[in-house]
Amino acid sequence: MARFRTSAIFQSVLGTLGVLIFCASATVYAQSAPAPTPRPGMVALKNNNPRIDPAILKGPMDKSSKMTFNVVLALRNEDQLNTLIEEQQNPASPNYHHWLTGDEFNARFGPNPADYTAVAQWLKSEGFAVVEVNQQSRYIRCTGTTAQVDATFGTAMASAGNGLFTNTADPQIPARFDGIVGSIQGLENLHASYSNARKHSPPTPPSPAGKSTAGPGPKNSVSQPDTNNGGYQAFAPQDLQIYYDEQPVLGAGYTGTGDCIAIVGDSDYLPSAVTLFTSTFGTPAANINTVLSSNKNGTYTSPGRNGDEQEALLDLEWSHSAAPGATINFYLGDDGNTNDSYGGLDDALNRAVNDNT
C-alpha cells in the first residue's frame with residue numbers, strides 16, 4: 001500500500017507478498033523439479049526461488065516465449081552501510097540525520113562500474129539482448145527466450161496457468177560473479193496474484209448527503225472532532241492541525257511551501273476527488289505531480305484506477321492537509337508493467353529515492 005513520508009530518506013521493509021492462486025484442476029507438473037546440475041564454473045544464486053507448491057504447476061513454459069528480466073547487482077560494504085543506518089538514527093552520533101544523496105550512496109555502497117560491464121558482456125555472450133543498464137537502480141535489463149533462460153540459469157521455468165509462471169530452482173551464475181550479482185527479477189510473476197484481503201476490496205459506501213462544515217476544532221476533548229458531515233461527526237483537516245498542534249506553525253506561515261512530499265502508490269486516482277476534498281474543507285488547492293515509475297519494455301505506464309484508489313486518495317489528501325503549501329510527487333507503480341519481484345510499489349519507492357527531491 002502507499003505510505004506517507006515527509007523525510008528525504010526512505011527506509012523500506014518489504015515483506016513476502018501473499019499468493020492466492022486458484023487451480024481448476026488437480027494437474028500436477030510432476031517433472032518440475034529436480035534442480036538442474038550446475039554448469040562448470042557456475043554457482044547457485046540463493047534465495048531467488050519462490051519455492052511454491054509443485055501442485056500448482058501445469059508443465060514447462062513454452063521454450064519460445066519471450067522473457068524480460070533484470071539482473072540486479074549487489075551492494076558493496078554492507079556492514080558499513082548497516083552501521084551508517086544505525087548512526088543516522090542515533091542522536092549521539094555525528095552522522096545523526098546526515099543523509100546521503102543518490103550519487104553519494106552509490107559511490108560508497110553501489111557496485112563498481114566495471115562490474116556492470118563484465119556482467120553485461122557475459123549476458124550478451126549467452127545470447128541475451130541487453131536493453132538497459134541502470135546504475136541508479138543497480139540493474140541490467142535483458143530479453144531472451146525461455147529456452148535461453150533455462151539453458152543459461154538452469155531455472156526449469158514452469159507455467160502455473162492463467163499467464164502465471166515461475167522458476168523452480170535458484171538460478172545459476174558464474175562463480176566470478178558470486179557476491180556481485182544480488183538477484184534476478186522477472187523469472188516469476190506470482191507476485192501479480194494477491195489475496196482478496198489485500199487488494200480490490202469493495203469501496204466504502206458514501207456518507208449520507210449533506211453539507212460538510214469544518215469547525216474550529218474539538219469543543220470538549222481531543223477525541224471529539226467538531227466537523228459535521230451530513231449529521232455525522234467527522235475528522236477534518238482542521239482537526240488534524242489542532243490535534244498535532246500545527247496551527248501556530250501554519251499561522252506563522254510555515255505551510256511546507258518549497259518542500260516536497262513523496263507518496264508511493266499502485267493505483268491512479270480521480271483528481272476531482274481531491275478538488276472536492278480541498279473545496280469542502282477550505283484548504284488551498286493541492287499541487288500534485290504524478291510520476292509514472294514502472295517501465296518493463298521501455299514505456300512507463302499507469303495501472304489505472306483500481307481497488308487501491310482509496311488508499312491513494314487518503315495519503316494525498318491528508319498529507320496535503322498537514323502541509324498545504326508543499327508540492328506532492330505521487331510516484332505511481334504498475335504491477336502489470338514491472339520486472340521487480342516486489343511489484344510496482346518497489347518501482348515507485350526506488351524512483352522516489354533516486355529522484356532525491
Side-chain angles (χ1 to χ4, degrees), residues 14-21 23 25-75 115 118-130 138-194 296 335 338-343 346:
L14 296 172
T16 304
L17 296 178
V19 175
L20 184 63
I21 300 175
C23 298
S25 72
T27 305
V28 175
Y29 175 35
Q31 287 83 20
S32 68
T37 302
R39 293 160 56 191
M42 305 285 277
V43 296
L45 185 58
K46 298 187 183 304
N47 301 319
N48 267 242
N49 175 5
R51 311 201 188 284
I52 44 85
D53 183 352
I56 73 168
L57 302 179
K58 306 299 184 183
M61 280 183 66
D62 180 351
K63 299 298 184 182
S64 63
S65 296
K66 189 78 173 289
M67 295 188 65
T68 301
F69 59 90
N70 294 342
V71 177
V72 182
L73 274 61
L75 293 172
D115 292 336
V119 174
Q121 287 176 344
W122 169 67
L123 291 165
K124 290 176 182 178
S125 74
E126 294 289 335
F128 296 110
V130 174
R138 309 196 325 274
Y139 67 74
I140 300 170
R141 180 163 295 170
C142 301
T143 60
T145 64
T146 301
Q148 289 174 303
V149 169
D150 275 346
T152 298
F153 300 115
T155 47
M157 297 297 300
S159 169
N162 298 317
L164 300 175
F165 59 86
T166 182
N167 55 308
T168 59
D170 285 326
Q172 309 289 323
I173 60 171
R176 68 183 184 275
F177 295 140
D178 191 19
I180 292 176
V181 172
S183 65
I184 301 177
Q185 298 175 341
L187 298 183
E188 56 87 15
N189 66 350
L190 300 183
H191 68 268
S193 293
Y194 296 102
K296 183 176 182 179
D335 286 340
T338 182
N339 289 309
D340 194 306
S341 296
Y342 293 108
D346 205 35

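Computed from heavy atoms alone, side chains included, the values below leave out hydrogens, waters and symmetry copies. Every value quoted in this text rests on a predicted model; they were computed, and no experiment measured them.
Taking both residues in full, the closest heavy atoms of Asn167 and Asn48 are given as ND2-O, 2.7 Å, listed atom of the first, atom of the second, then distance. Across every non-hydrogen atom of Ile180 and Val119, the tightest pair is CG2-CG2, 4.3 Å. Thr338 and Asp335 get closest at one heavy-atom pair: CG2-O, 3.4 Å. The minimum heavy-atom distance between Ala158 and Thr168, with the atom names listed, is CB-CG2, 3.9 Å. Residue Leu45 comes nearest to Ser183 through the heavy atom pair CD2-CA, 3.8 Å, listed as atom of the first residue, atom of the second, then distance. Nearest heavy atom pair, residue Gly179 against residue Ala74, reads O-CB, 3.6 Å.
Here CD1 of Ile173 is found 7.0 Å from CD1 of Ile184. Values are rounded to the nearest 0.5 Å. To the nearest 0.5 angstrom, Met61 atom CE is 5.0 Å from Met67 atom CE. Atom CZ of Phe177 and atom CG of Leu73 lie 8.5 Å apart (nearest 0.5 Å).
A 4.5 Å side-chain heavy-atom check between Pro174 and Met42 finds at least one atom pair inside the cut-off. Between Leu57 and Thr166 there is a side-chain heavy-atom pair separated by less than 4.5 Å.
Judged by distance alone, the side chain of Asn339 and the main-chain N or O of Asn70 form no donor-acceptor pair under 3.5 Å. Under a 3.5 Å cut-off, the side chain of Gln148 and the backbone N or O of Thr145 do form a donor-acceptor pair.
Remark: Phe165 engages no residue in a ring-ring contact (aromatic ring centres under 6.0 Å, His included) (not counting sequence neighbours). For the ring-ring contact (aromatic ring centres under 6.0 Å, His included) test, residues two or more places apart in sequence or in another chain that qualify with Phe69 are Phe128, Phe153. For Thr152, the side chain to side chain donor-acceptor pair (under 3.5 Å) partners two or more places apart in sequence, or in a different chain, are Glu126. With sequence neighbours excluded, no residue forms a side chain to side chain donor-acceptor pair (under 3.5 Å) with Asp178. Shown here are the side chain to side chain donor-acceptor pair (under 3.5 Å) partners of Ser125, two or more places apart in sequence or in another chain: there are none. Listed by chain and number, the residues in a side-chain contact (heavy atoms from CB on, under 4.5 Å) with Thr143 are Lys66, Thr68, Ala129, Val131 (sequence neighbours excluded). In this view, Asp150 and Lys63 satisfy the salt bridge (Lys or Arg N to Asp or Glu O under 4.0 Å) rule, not counting sequence neighbours. Legend: residues meeting side chain to side chain donor-acceptor pair (under 3.5 Å) with Lys124, ordered by chain and number and at least two apart, are absent. For Ala44, the side-chain contact (heavy atoms from CB on, under 4.5 Å) partners at least two apart in sequence or on another chain are Asp170, Gln172.
A salt bridge (charged side-chain N to carboxylate O under 4.0 Å, His left out) check over residues 152-166, counting only residues at least two apart or in different chains, returns nothing.
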